[in-house]
Amino acid sequence: MQKKRIAIIGLGIISPIGNDIATFWESLVAGKSGVGPVTRFDASRLDSRIAAEVKNFDPSLYMDKKEARKMALFSQFAVAAAVQAWRDAGLPDKNDAPSSGSDEGTEGRASMPYPPERIATVIGNGIGGLEIFQESYKKLLEAGPGRMLPMTVPLMIINEAAANISMRLGVTGAAFTQATACASGTDAIGQAMDMIRSGRCDMAIAGGTEAAVTEFAMGGFCRLQALSTANNDNPEKASRPFDKAREGFVMGEGAGMLILEDYDRAMARGARIHAELAGYAATCDAYHLTAPDPEGKGGARAITLALEDAGLAREDIGYYNAHGTSTQLNDQIETLMIKKAFLGHAKKLKISSTKSMTGHCVAAAGAVEAVICTLALKEGILPPTINLDNPDIEAGCDLDYIPNKAIRSDIHAAVSASLGFGGHNGALVFRKAE
């Protein structure tokens, strides 16, 4: 049976380098770093005192201030990016003021193409409202359970981003949360794609969100010796994927959201299509809790299966957005993974790690990078890997990682892969819109 094609009709972003698509893309193409000293809390006790924080975020642009107070930051990011994507898709916002003379409050608005029960919400998140957990746990220790925040649990738990998006946009289809660590955003988009293909919904809001710039989260990653510590005084240079001087990732945060729809139905109703989501696959290394399979087999298999799902050959892919965390193990093994998946085409492939600019947005990373792949196809520009001054050839990092400057390239298909703790691998394939 022929698979349904899936259109990407809306994009939204909250990120360390821009809180709207235009600003984000301009920063990305310019090679702008979003990394700086931590301002969210006093990081003086940590070995890593830098992060790629979201800046100048105003939740009131997307939700009522009263609603925002009932959300942890990861939920606020998610709702904001989802509302952006919803508006970008030309869909009616229930918060729009009704036109005068309308008894039902619906005249003068764009019409919904589907009933709300046929629109799903699938969001990736890995850690939830850690700032809420940290604050409430401190109150518990200092003053007892009676002083904890009354809304601790509903603010903290990871499903609340999907729930808040559904409530904000008034969609009543299934609302799922995908938790596969750093692959969560990628897997959420893939799950939403499968739901449309299977007929379980007609449209989906899909993406990922994370707000883990907290002392608790960064302290934990410092204990794992996973974060960059050598560039506290030079933060913009800290995230340097595939470079010989890489020594850890930089914590990022934000949210990326896509609106997905059956391609043929989107075409028939005249929707603007940014790109096609053509394929998806996921695998598990079944190897180690935090380290990738040293042979890169699981990640390579995810890419190969995603290409099969898209009906594309490896030679059809012009751009690969790397997981590229700037850690010693990831960048070496991911390069091996790329070579296994793309064989001889790997040397011709254009590759970049945009985490060099955004930091590692954890569960949001794959969704942010899905937005990037969509824009790269649409705009014909491939973003760079900044801070790549001395590629680690000795470790096998010898591919074309688009060092330091964006390039123009009229590509027709792209792949993004995400690798998460626990051995989770997810890959998405994108195709240029017709």
Side-chain angles (χ1 to χ4, degrees), residues 8-36 51-59 61-62 73-74 76-89 123-124 185-186 188-189 205-211 213 235-236 239 241 250-259 272 274-275 277 319 321-324 352-387 402 404-408 414 416 418 428 430:
I8 300 169
I9 63 166
L11 299 172
I13 197 82
I14 299 295
S15 84
I17 56 172
N19 295 331
D20 60 79
I21 291 295
T23 304
F24 172 72
W25 184 244
E26 182 181 352
S27 299
L28 205 68
V29 171
K32 179 181 178 181
S33 172
V35 184
E53 296 178 331
V54 167
K55 304 157 190 73
N56 304 314
F57 174 62
D58 183 0
L61 296 173
Y62 310 100
L73 192 56
F74 83 102
Q76 291 184 15
F77 288 165
V79 171
V83 170
Q84 279 185 40
W86 190 258
R87 292 170 177 169
D88 182 52
I123 308 300
T186 291
I189 293 168
I205 306 148
T209 186
E210 202 77 86
V213 182
E236 292 185 357
S239 185
V250 174
M251 181 66 79
E253 62 180 1
M257 295 291 159
L258 281 62
I259 307 295
R272 179 184 59 178
H274 292 298
L277 180 58
Y319 173 62
N321 188 288
H323 190 57
S352 67
S353 172
T354 45
K355 289 184 180 69
S356 58
M357 293 170 274
T358 66
H360 189 349
C361 301
V362 197
V368 169
E369 288 150 19
V371 170
I372 292 168
C373 285
T374 301
L375 293 170
L377 286 163
K378 185 178 178 182
E379 303 295 337
I381 302 174
L382 307 183
T385 304
I386 68 169
N387 301 321
I402 316 179
N404 298 310
K405 289 188 178 181
I407 61 171
R408 289 198 170 272
S416 175
S418 298
L428 295 168
F430 305 84

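Values below: every heavy atom of this structure, side chains too, minus hydrogens, waters and symmetry copies.
Of all heavy-atom pairs between H274 and K378, the closest is ND1-NZ, 2.8 Å. Between L277 and F430, the shortest heavy-atom distance links the atoms CD1-CE2, 3.8 Å. Closest heavy-atom contact between S33 and S356: OG-O, 4.5 Å. Among all heavy-atom pairs drawn from S352 and P383, the shortest one is OG-O, 3.0 Å. In this structure, V368 and G256 approach most closely via the heavy-atom pair CG2-N, 4.1 Å. The minimum heavy-atom distance linking F57 with Q76 is given by the pair CE2-OE1, 3.6 Å.
Looking only at distances, no side-chain donor or acceptor of R87 sits under 3.5 Å from a matching main-chain atom of G12. Under a 3.5 Å cut-off, the side chain of T385 and the backbone N or O of S353 do form a donor-acceptor pair. Judged by distance alone, with hydrogens and angles left aside, the side-chain atoms of E210 form no donor-acceptor pair with the main-chain N or O of A364 at under 3.5 Å.
Atom CG of N404 is separated from atom CD1 of I386 by 7.5 Å, given to the nearest 0.5 angstrom. Taken to the nearest 0.5 Å, the SG atom of C361 stands 11.5 Å off from the CD1 atom of I14. Here the CZ-CE distance, from F77 to M257, works out to 11.5 Å after rounding to the nearest 0.5 Å. The OH atom of Y319 sits 6.5 Å away from atom CD1 of I372, with the distance rounded to the nearest 0.5 Å. To the nearest 0.5 Å, the span separating CG on L11 from CG on D88 amounts to 5.5 Å. The structure places NZ of K32 at 9.0 Å from CD of E236, a figure rounded to the nearest 0.5 Å.
No more than 12 heavy atoms of other residues, nucleotides or ligands shown are found within 6.0 angstrom of CD on E26.
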Acceptor/donor pairs from residues 15-23 side chains to any protein atom, 3.5 angstrom cut, sequence neighbours excluded:
| unit_1 | atom_1 | unit_2 | atom_2 | d |
| --- | --- | --- | --- | --- |
| S15 | OG | I17 | N | 3.1 |
| S15 | OG | G18 | N | 3.1 |
| S15 | OG | G18 | O | 2.8 |
| N19 | OD1 | S15 | N | 3.4 |
| N19 | ND2 | K55 | O | 2.7 |
| D20 | OD1 | A22 | N | 3.2 |
| D20 | OD1 | T23 | N | 2.8 |
| D20 | OD1 | T23 | OG1 | 3.0 |
| D20 | OD2 | T23 | OG1 | 2.9 |

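Residues passing the ring-ring contact (aromatic ring centres under 6.0 Å, His included) test with H360 are F249, H323, sequence neighbours excluded.
E369 has a carboxylate O that lies under 4.0 Å from a charged side-chain N of K355, or vice versa, which qualifies the two as a salt bridge.
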